[in-house]
Amino acid sequence: HMQHNFEGFNNLFHRFLQVKGPSVEWIKIQRPPEDSIQPYDKIAARGLPDNVANSLNKLVVVKLNGGLGTSMGCKGPKSLISVRNENTFLDLTVQQIEHLNKTYNTDVPLVLMNSFNTDEDTKKILQKYTHHRVKIHTFNQSRYPRINKESLLPVASNLNMNGQNTDGWYPPGHGDIYASFYNSGLLDQLIAQGKEYIFVSNIDNLGATVDLHILHHLVSQPNGKRCEFVMEVTDKTRADVKGGTLIQYEGKLRLLEIAQVPKAHVDEFKSVSKFKIFNTNNLWISLAAIKRLQEQKAMDLEIIVNPKTLDGGQNVIQLETAVGAAIKCFDNALGINVPRSRFLPVKTTSDLLLVMSNLYSLEAGSLTMSPKREFPTTPHVKLGSSFTKVQEYLTRFESIPDMLELDHLTVSGDVTFGKNVSLKGTVIIIANHGDRIDIPAGSMLENKIVSGNLRILDH
């Protein structure tokens, strides 16, 4: 492993030193041609074949499982946080695939890409799925050295991971999937089993379920025009201005990330009118094509330079790549504009509140928006800093409020919710410093602003 890590980092570092200026020239950016981003409805309209199992048996589901739960105040892998009825992200994933395998009598395996941060904890928990009908494989992404921002030298003094050195290493972003998957030997093993495509997504995107229509579209292409890469994109809303978008560049579809945009054009990049869609990071990729590109060393991914400040105050940079950036290397790549429901990431406790609520119903590991909600859009929820950590957030809700008719919720300060609260329209609850607001059990708040002090005391 160390040798692969060294070669990989060496290669990335050399490319980093050679890069002069931005990786895209703004003037060359074009809108993608009409047929290169297809509406999902057009793909789905073709219907499904009688034998869905044939297509499913060519599929492998890959979940990106390298991240920790730190941003939500949790220790350990993010995928082990409970999101709904005691089910974790990983539980839901296993349930979904198991449901597919049982329904169609297929053998769709699950592959987890772990990082050195999540591998040990994840492997421990995998034992609980031994009797589930889904084969689970894991491989590890690389471990690269952080480098000092000024000297560009590694901050670790040796190859160990302990003591002072722990801070010296990082997993280099999900673009690392291609080399790590290939180097692990798992890619060849799956090809030998007759697998043709992987469906890759972030494990915290609860909308990323196996879509039979997209899968059918891929496996039913004529041989010479095989589509090797599908990126699921969806329409931008004001909340998504930072998401990467698809452009046409030098005749190829290409992912443009905000980090690659010259300062002068950032506002233009964020505009919803020019760049209408963003990348959900749900990707369908040909296994044979990954193998070919790895062997030809033709996988050329833009480098993302991620500056960090370590606990000791030392400024370092991490060189990273993104999995979607490879779209330009594959043949007949395609964007599919999917419904927003396929993008349901849980990044914060505000997102967690939505997915735990009655807005969604859970069936066989899949969350779907409740038919009782009149508008298919998700409400906008902003919980303040007292809710950041999952443990704290859970103590502030005696039960999750009814949110079927909610449009917007803002909560700030020391606020708690009693049982069976109902929230409708726009609700804003602000407890100023030193105040506390307890929303009484059974309250119905519709288009209300609550501020000041509100304490209901038992006598």
Side-chain angles (χ1 to χ4, degrees), residues 69 71-74 81-89 91-92 95 204 206-207 237 239 340-341 344-459:
S71 63
M72 294 170 76
C74 294
I81 296 176
S82 289
V83 279
R84 181 102 186 196
N85 322 350
E86 304 300 304
N87 289 307
T88 65
F89 290 104
D91 290 334
L92 295 177
Q95 287 165 25
D204 64 10
L206 294 175
T237 67
R340 179 77 187 196
S341 57
L344 184 58
V346 180
K347 301 287 181 201
T348 61
T349 50
S350 304
D351 300 329
L352 198 53
L353 180 63
L354 289 170
V355 303
M356 289 175 96
S357 76
N358 60 346
L359 279 167
Y360 291 95
S361 53
L362 178 66
E363 216 176 314
S366 299
L367 285 182
T368 43
M369 180 132 348
S370 163
K372 293 191 187 120
R373 178 155 174 96
E374 290 187 17
F375 307 99
T377 55
T378 341
H380 197 71
V381 173
K382 281 201 293 226
L383 300 177
S385 55
S386 325
F387 290 81
T388 307
K389 294 185 157 83
V390 174
Q391 286 328 108
E392 253 184 300
Y393 147 89
L394 289 170
T395 59
R396 292 182 175 275
F397 289 98
E398 276 196 48
S399 71
I400 303 293
D402 158 39
M403 294 170 28
L404 276 176
E405 294 175 44
L406 178 70
D407 299 318
H408 182 113
L409 172 67
T410 297
V411 183
S412 175
D414 185 358
V415 178
T416 62
F417 292 78
K419 272 197 162 51
N420 305 326
V421 171
S422 179
L423 305 171
K424 302 181 178 192
T426 296
V427 178
I428 296 169
I429 305 169
I430 295 175
N432 293 319
H433 191 69
D435 289 346
R436 174 168 155 189
I437 295 177
D438 294 330
I439 304 295
S443 320
M444 198 278 276
L445 300 179
E446 182 165 11
N447 297 326
K448 289 276 184 286
I449 296 178
V450 183
S451 63
N453 239 328
L454 176 67
R455 302 202 60 174
I456 312 274
L457 299 173
D458 291 335
H459 68 91

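The side-chain contact (heavy atoms from CB on, under 4.5 Å) test applied to Ser366 returns Gln96, Thr209, not counting sequence neighbours. Residues passing the side-chain hydrogen bond (donor to acceptor under 3.5 Å, both in side chains) test with Ser370: none are found, sequence neighbours excluded. For the side-chain hydrogen bond (donor to acceptor under 3.5 Å, both in side chains) test, no residue two or more places apart in sequence or in another chain qualifies with Thr426. Remark: Thr410 engages Lys382, His408, Ile428 in a side-chain contact (heavy atoms from CB on, under 4.5 Å) (not counting sequence neighbours). Every residue two or more places apart in sequence or in another chain that forms a side-chain contact (heavy atoms from CB on, under 4.5 Å) with Asp351 is listed here: Val346, Lys347, Thr348. For Phe417, the ring-ring contact (aromatic ring centres under 6.0 Å, His included) partners at least two apart in sequence or on another chain are Phe397. In this structure, Asn432 has no side-chain hydrogen bond (donor to acceptor under 3.5 Å, both in side chains) partners at least two apart in sequence or on a different chain. Considering only residues two or more places apart in sequence or on other chains, Ser386 meets the side-chain hydrogen bond (donor to acceptor under 3.5 Å, both in side chains) condition with none of them. Applying the side-chain contact (heavy atoms from CB on, under 4.5 Å) test to Thr377 and every residue at least two apart in sequence or in another chain returns Arg373, Phe375.
Counting heavy-atom neighbours within 6.0 Å of Glu392 CD, excluding the residue itself, gives a total above 12.
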Inset, instruction - Decide side-chain contact (heavy atoms from CB on, under 4.5 Å) for Ser399 and Asn420; before the verdict, give the C-alpha distance in whole Å, the side-chain angles of both, and the deciding distance to 0.1 Å. - result: CA-CA 6 Å; Ser399 71; Asn420 305 326; 4.0 Å; yes

Legend entry - Audit row: Leu409, Leu353, side-chain contact (heavy atoms from CB on, under 4.5 Å) steps and yes/no: CA-CA 11 Å; Leu409 172 67; Leu353 180 63; 4.0 Å; yes

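For the side-chain contact (heavy atoms from CB on, under 4.5 Å) test with Leu354, the passing option among Ile400, Thr378, Leu206 is Thr378; the others fail.
Closest approach of Gly418 to Glu398, counting heavy atoms only: C-CB, 3.8 Å. In this structure, Leu383 and Tyr393 approach most closely via the heavy-atom pair CD1-CD1, 4.0 Å. Of all the heavy atoms in Val411 and Phe387, the pair that sits closest is CG1-CE1, 3.6 Å. Residues Met403 and Leu359 approach most closely at O-CD2, 3.5 Å, considering heavy atoms. Scanning both residues, Lys372 and Leu404, for their nearest heavy atoms gives CB-CD1, 3.9 Å. Here the closest heavy-atom approach between residue Thr416 and residue Asp438 is recorded as OG1-OD1, 2.5 Å.
Using a 4.5 Å heavy-atom cutoff, the side chains of Leu367 and Val83 are not in contact.
Put simply, CG on Leu394 and OG1 on Thr349 are 9.0 Å apart, with the number rounded to the nearest 0.5 Å. Going from atom CG of Asn447 over to atom CG of Leu423 covers 11.0 Å, rounded to the nearest 0.5 Å. Separating the CD1 atom in Ile437 from the OG atom in Ser451 is a distance of 6.5 Å, to the nearest 0.5 Å. Between the CG atom in Asn87 and the OG atom in Ser82 there is a gap of 7.5 Å [rounded to 0.5 Å]. One finds the OG atom of Ser412 at 10.5 Å from the CD1 atom of Ile429 (value rounded to the nearest 0.5 Å).
A donor-acceptor contact shorter than 3.5 Å is absent between the side chain of Arg84 and the backbone of Leu352.
The stretch residues 400-416 participates, sequence neighbours left out, in these salt bridge (Lys or Arg N to Asp or Glu O under 4.0 Å) pairs: Arg396-Asp414, Glu405-Lys424.
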